[in-house]
Chemist: 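This is the structure I want to talk about, given as structure tokens.
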2 protein chains.
Amino acid sequence: MRAGNPGADGYTSIPAAAVARLPVYRRVLLELLSTRTTTVSSTRLAALAGVNAAKVRKDLSYLGSFGIRGVGYNVEHLLYEVSRELGLTHDWPVCIAGLGNLGSALANYGGFEERGYPVRALVDADPAKVGREVAGVPVRHVEALDEIVAESGIAIGIVATPAGAAQDVVDRMVAAGIGSILNFAPVVVNTADGVSVRNVDLAVELQVLSFYQRRHVPGGPADLLPGLSPGRVARTG
Amino acid sequence: MRAGNPGADGYTSIPAAAVARLPVYRRVLLELLSTRTTTVSSTRLAALAGVNAAKVRKDLSYLGSFGIRGVGYNVEHLLYEVSRELGLTHDWPVCIAGLGNLGSALANYGGFEERGYPVRALVDADPAKVGREVAGVPVRHVEALDEIVAESGIAIGIVATPAGAAQDVVDRMVAAGIGSILNFAPVVVNTADGVSVRNVDLAVELQVLSFYQRRHVPGGPADLLPGLSPGRVARTG
DNA sequence: CTCTGTGAATGTATTCACAGCT
DNA sequence: AGCTGTGAATACATTCACAGAG
């Protein structure tokens with residue numbers, strides 16, 4: 001039986017908190033697969049993912065019943081199911097906007113390509129940057145986003161511009177048909193319904209840490225290891 | 001009256017979800033201050049922070065009663081109170097470990113210094129990198145972490161190493177007295193009690209986005225998943 | 001009348017604990 | 001026996017809705 005809340009369109013949906021953990025389980029499963037481990041229990045998977053066993057079982061139960069009682073989960077099969085649920089059965093080409101320090105680093109960061117998110121396009125508003133290449137990909141002008149998205153089948157945009165330019169870039173991305181945006185600019189961007197935005201503000205993360213740092217100083221233990229942020233999926237609609 | 005749950009040590013504590021939003025409010029308040037706005041209502045603050053007004057009021061009520069009924073909040077005062085609660089009345093020097101693409105970009109990223117987190121030390125395990133300078137800060141060997149932390153008063157560590165090196169670096173950081181860690185390595189790291197860890201895995205963010213993207217595009221294609229056999233597809237429900 | 005602050009109500013998420021399969 | 005899958009219980013978070021201050 002599949003639990004979950006009915007989505008807007010009547011489909012059963014997986015709780016957001018569980019969705020945010022699936023990529024972590026997937027990462028662990030890939031690691032296990034690479035060490036030729038064939039079976040894993042919820043307890044072991046939990047330890048490797050930094051959560052508890054009951055949560056693992058509940059999360060996985062949203063995808064179906066793939067475990068074997070008394071034994072555990074088949075690593076390869078579970079990996080397939082988690083990947084499928086996350087839509088990772090094919091690559092998702094991405095476009096990075098803004099090629100300052102962070103944008104350039106992201107473009108050069110091999111981890112994206114390796115995990116199924118090839119960087120297929122780069123855009124910037126600065127004419128001095130347009131025409132150059134970063135990580136082997138030419139930088140094009142942000143005004144060409146419509147054509148770029150159409151010709152490359154890009155579905156995810158990464159915003160690494162200064163705060164002041166972010167809303168404009170996001171508007172262009174959405175107009176071009178991009179439905180998911182990862183925003184590194186330190187500003188809240190507004191989008192039309194149906195567009196998912198995830199914000200990663202590095203300074204925000206540090207500020208949360210300094211809050212908890214203060215609490216530790218008197219020597220008080222029992223910190224609820226913040227771990228993965230609960231999910232800042234601002235899904236408009 | 002101060003709400004909140006009693007913490008482990010008997011102190012009233014602010015819910016984790018509220019703590020995670022305080023930095024966003026702070027960012028908005030700084031922006032308002034720079035435009036010489038003196039007063040802000042929960043409704044306006046909510047719009048700028050991308051949440052709803054009731055949440056803003058509830059969150060702020062954990063810090064105390066700083067609003068004026070019928071008017072709103074004094075921007076400058078509220079900014080002070082939020083900053084104080086986050087422990088941002090002084091700078092928090094940070095150390096970045098791992099100077100590959102990401103680590104170097106973070107070191108060069110001006111946003112940290114600007115927001116009260118000056119990058120005071122850089123460490124790497126690669127002798128070829130030790131001795132070089134990045135963003136005007138010399139790269140030192142990771143084995144020198146003890147001295148570095150002691151002499152610079154560093155309380156926060158940023159891990160930008162490959163996954164395989166992360167646990168070792170974290171252990172060294174904790175041993176050196178660092179109590180808060182921002183981990184960019186795609187792996188769950190274990191620490192002693194009392195150490196806060198926040199994970200930022202860029203690939204995880206993208207994977208969450210692709211999950212939601214799929215929901216928007218009915219009839220998504222199911223292509224190859226390298227090295228994985230489909231197994232049986234048993235989607236219950 | 002406007003807008004805060006907050007109890008009460010509702011909605012989500014986590015954890016417990018155990019039935020049921022291997 | 002060992003381990004999953006899942007209702008029930010608990011804990012946490014959000015939203016409602018309104019009393020009360022200005």
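So you know, we letter chains A, B, ... as the sequences are listed, proteins then strands, and number each from 1.
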Chemist: Can you check the B/N74 CG to C/dT4 P distance for me, whole Å?
Modeler: 13 Å
Chemist: Over how many whole Å does the gap from A/K55 atom NZ to D/dC3 atom P extend?
Modeler: 21 Å
Chemist: Do the side-chain N or O atoms of B/S41 get closer than 4.0 angstrom to the phosphate oxygens (OP1, OP2) of C/dC3?
Modeler: no
Chemist: Can you figure out which of D/dG22, D/dG5, D/dG7 approaches the side chain of A/S61 most closely?
Modeler: D/dG5
Chemist: Please state how far atom CD1 in B/I68 lies from atom P in C/dC3, giving the value in whole angstrom units.
Modeler: 13 Å
Chemist: Drop me the distance from A/L60's CG to A/K58's NZ, to the nearest 0.5 angstrom.
Modeler: 12.0 Å
Chemist: Nearest to the side chain of A/K58 - C/dC16, C/dA13, D/dG7?
Modeler: D/dG7
Chemist: Given D/dT4, is OP1 or OP2 found less than 4.0 Å from the side-chain N or O atoms of A/S42?
Modeler: yes
Chemist: What is the distance, rounded to the nearest whole Å, between atom CZ of A/F66 and atom C1' of C/dC21?
Modeler: 17 Å
Chemist: When you get a sec, tell me which of D/dA13, C/dG5, D/dT15 is the closest nucleotide to the side chain of B/R57?
Modeler: C/dG5
Chemist: Choosing from D/dG22, D/dT4, D/dC16, which nucleotide comes nearest the side chain of B/A54?
Modeler: D/dC16
Chemist: Walk me through whether A/R172 and A/D168 qualify under salt bridge (charged side-chain N to carboxylate O under 4.0 Å, His left out).
Modeler: CA-CA 6 Å; A/R172 289 176 191 274; A/D168 177 65; 3.1 Å; yes
Chemist: What is the separation between atom CD on A/E81 and atom P on D/dT4, rounded to the nearest whole Å?
Modeler: 16 Å
Chemist: Could you state the atom-to-atom distance from CZ of B/R69 to C1' of D/dG22 in whole Å?
Modeler: 9 Å
Chemist: Once you round it to whole Å, what is the distance between P of C/dT4 and CG of B/L45?
Modeler: 9 Å
Chemist: Counting just side-chain N and O atoms, does A/N52 come under 4.0 Å of either OP1 or OP2 of C/dT14?
Modeler: no
Chemist: When rounded to the nearest 0.5 angstrom, what distance separates CG in B/N199 from CD in A/E205?
Modeler: 9.5 Å
Chemist: Taking the nucleotide of DNA chain C with the nearest heavy atom to each, does A/D59 or A/V71 sit closer to the 5' end?
Modeler: A/D59
Chemist: Given A/R21 and A/V51, is the side chain to side chain contact (heavy atoms under 4.5 Å, CB included) satisfied, shown in steps?
Modeler: CA-CA 9 Å; A/R21 283 185 295 264; A/V51 299; 4.1 Å; yes
Chemist: Of the nucleotides C/dT14, D/dC3, D/dC18, which has the atom closest to the A/R21 side chain?
Modeler: C/dT14
Chemist: Once rounded to the nearest 0.5 Å, what's the spacing between atom CZ of B/R115 and atom CZ of B/R26?
Modeler: 8.5 Å
Chemist: Could you tell me the separation between the OH atom of A/Y73 and the C1' atom of C/dC21, rounded to a whole number of Å?
Modeler: 13 Å
Chemist: Quick one: on DNA chain C, does A/G70 or A/A18 contact a more 5' nucleotide (nearest heavy atom)?
Modeler: A/A18
Chemist: So, is B/Y62 close to the D/dA13 phosphate, meaning a side-chain N or O under 4.0 Å from OP1 or OP2?
Modeler: no
